[in-house]
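See below for the structure under consideration.
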Amino acid sequence: MKILLIGGGGFIGSRTALRLLAAGHEPVVLDSFEPQIHGSDPAASPTCRELFGAMEVRRGDTRDAAALASALSGVEAVYYFPAGTGTGQSMYQIEKYCDINARGAGVFAEALTAQAGNIRRVVVSSTRAVYGEGAAFCGEHGRVYPKARRLADLEAGRFATFCPVCGQPVQPEASQEEDPFLPLSIYGITKLAQEQIIATTTAALGLPCTVLRYQNVYGPGQSLHNPYTGILGIFTQLVLAGRAINLFEDALPTRDFVHVDDVAEYNLRALSSEAAGPAVFNVGSGVRSTLRDLAEAIGTGLDRPGPTKVSGQFRVGDIRHAAADLRLLTAALGPHDFMPLTRGVKTFTDWVAAEGGSEAANARFDRSLEEMRKAGLLRSAS
Ligand code: UD1
């Protein structure tokens with residue numbers, strides 16, 4: 001199939017494009033190649049340089065209706081990846097996140113209404129951030145959905161989530177696709193708008209659509225240039241520079257870290273899914289790891305256990321726990337042997353070591369923390 005990957009120059013998109021090519025498809029990438037992610041020369045970017053020469057790559061703004069209309073011509077399937085992805089950054093670059101994530105989806109959806117003819121499936125990359133804190137178990141009230149943590153609690157070092165009914169501490173549970181939407185960051189809100197705009201439009205057009213809600217995706221190809229791009233890159237570069245890893249809160253927030261190869265595998269399977277209407281699946285590893293677990297895996301991967309600092313700092317808009325319930329995914333798209341964290345992190349640290357850590361990246365990260373601090377969005381428990 002001729003397949004358009006909108007935002008296909010990014011971390012997940014470029015891995016997916018290469019897999020599609022290897023599977024005998026004809027991928028076409030449309031991407032703006034943002035300097036924040038790729039630096040000034042995309043053909044040299046460790047994230048996407050393999051695409052050039054291997055497939056058709058179009059450079060254009062994914063919110064440009066004319067660029068989209070031209071790229072959509074004659075394609076049989078579309079992957080939609082464009083997004084601002086930084087939870088912290090979204091809390092002060094609000095207009096930018098609304099524009100990329102929500103308005104961008106609007107431009108794409110409108111292009112589809114004019115040109116859906118040949119298209120057999122749309123696959124949208126969404127996020128577990130639509131669930132906010134997600135589900136939890138209360139001894140008295142069963143499955144509940146904790147609200148946003150209060151600033152006063154966080155500042156007092158109370159990082160846990162509580163039952164919204166009785167206020168008692170709760171145990172985190174895996175998110176299910178039917179859980180309520182409770183996004184807590186501008187990132188989560190705008191990504192929810194994005195998936196809903198596309199799912200609603202494709203449903204109205206009778207066009208099969210698969211929404212994949214990713215957990216924390218990591219692996220080789222993750223931008224080392226972007227200080228807002230996730231903790232794997234940040235932590236690894238700090239260790240390589242001999243600096244301490246700054247673990248926020250009490251080092252015990254949890255995330256479901258899923259390797260990019262596992263995500264690319266389900267991206268490909270989503271293409272041949274039989275589901276007719278909008279189908280929504282979580283994509284994660286199903287395993288919850290703490291920030292400390294991650295720091296240890298990075299130390300093991302680099303064979304150089306780095307010092308860590310449990311700073312008590314926290315980002316406004318962050319959630320405490322995340323993990324995916326994968327039952328719907330594996331029932332619909334088949335089971336899979338997910339990469340365990342230590343092995344997966346080793347593929348990443350080997351790749352970073354080969355690319356070479358950079359002091360400039362650490363300086364950009366320090367600046368990003370300063371930006372957040374100035375905006376009142378990076379705070380400390382006293
Ligand atoms: C990430 C993704 C988002 C995705 C979501 C799904 C990024 C930038 N964002 O958001 O696109 O949809 O997962 O779950 O990859 N932390 C530290 N020290 C630091 C920086 C962060 O301890 O120096 C903590 C944060 O407080 C947070 C955790 O690390 O608890 C993860 O942060 P981050 O990598 O930015 O990702 P998410 O916000 O989970």
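Just so you know, these numbers use all the heavy atoms, side chains as well, and skip hydrogens, waters and symmetry mates. Counting convention: from 1, in listed order, for ligands and their atoms alike.
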Does any N or O atom in Phe248 lie less than 3.5 angstrom from one in ligand 1, N or O only? yes

Kindly state each residue pair satisfying ring-ring contact (aromatic ring centres under 6.0 Å, His included) with at least one member in residues 20-68, sequence neighbours excluded. Phe33-His38, Phe33-Phe52

Under 4.0 Å between heavy atoms, the region of Arg315 that gets near ligand 1 turns out to be side chain

Using heavy atoms and a 4.0 Å limit, tell me yes or no: is Tyr187 in contact with ligand 1? yes

Would you please indicate if the ring centroids of Tyr131 and Phe181 are separated by under 6.0 Å? no

Between His336 and Tyr266, is the gap from one ring center to the other below 6.0 Å? yes

Which residue holds the protein heavy atom closest to atom 8 (C) of ligand 1, what is that atom called, and what is the gap in Å? Tyr228 O, 2.8 Å

Same cluster or not: are Tyr145 and Phe162 linked, directly or through other Ile, Leu, Val, Met, Phe, Trp or Tyr residues, by side-chain heavy atoms under 4.5 angstrom apart? no

Side chains of Arg292 and Val310: does their closest heavy-atom pair fall under 4.5 Å? yes

With a distance cut-off below 6.0 Å to the six-membered ring centre and an angular limit of 45° from the axis, does Arg255 pair with Phe257 as a cation-pi contact? no

Which residue from Asp256, Thr308, Thr85 reaches closest to atom 9 (N) of ligand 1 through any of its heavy atoms? Thr85

Report the member of Ile319, Leu291, Val310 with the shortest heavy-atom distance to atom 28 (C) of ligand 1. Leu291

Val258 side chain near Tyr214 side chain, heavy-atom distance below 4.5 Å: no

Would you say Arg128 and ligand 1 have an N/O pair spaced under 3.5 Å apart? no

Is the CZ atom of Arg327 crowded by more than 12 outside heavy atoms at less than 6.0 Å? no

Numbered atoms of ligand 1 (with element) below 4.0 Å of Leu247, judged on heavy atoms: 22 (O)

Does Ser40 reach the main-chain N or O of Pro35 with its side chain, forming a donor-acceptor pair under 3.5 Å? no

Is the shortest side-chain heavy-atom distance between Arg128 and Ile319 below 4.5 Å? yes

Quick one: look at Ile231 and ligand 1, take heavy-atom pairs under 4.0 Å, and tell me if it's side chain, backbone, both or neither. both

For atom 1 (C) of ligand 1, grab the closest protein heavy atom and report residue, atom and distance to one decimal in Å. Asn216 ND2, 3.4 Å

With heavy atoms of Gln215 as the reference, note each atom of ligand 1 found under 4.0 Å away. 6 (C), 14 (O)

Here the atoms of ligand 1 under 4.0 Å from any heavy atom belonging to Phe365 are 23 (O)

For atom 10 (O) of ligand 1, tell me which residue out of Ile12, Thr87, Asp318, Leu252 has the closest non-hydrogen atom. Thr87

Phe314: heavy atom below 4.0 Å from ligand 1, yes or no? no

Just to be sure I read this right, does ligand 1 sit under 4.0 Å from the backbone of Arg255, its side chain, both, or neither, counting only heavy atoms? side chain

Under 4.0 Å to a heavy atom of Tyr214 - the qualifying atoms of ligand 1, by number: 6 (C)

Could you tell me which atoms of ligand 1, counted from 1 in the order shown, lie closer than 4.0 angstrom to a heavy atom of Asn246? 17 (C), 18 (N), 19 (C), 22 (O), 23 (O)

Find all atoms of ligand 1 within a distance of less than 4.0 Å from any non-hydrogen atom belonging to Thr127, and give their numbers and elements. 4 (C), 5 (C), 6 (C), 12 (O)

Any side-chain donor-acceptor pair under 3.5 Å between Asn226 and Gln36? yes

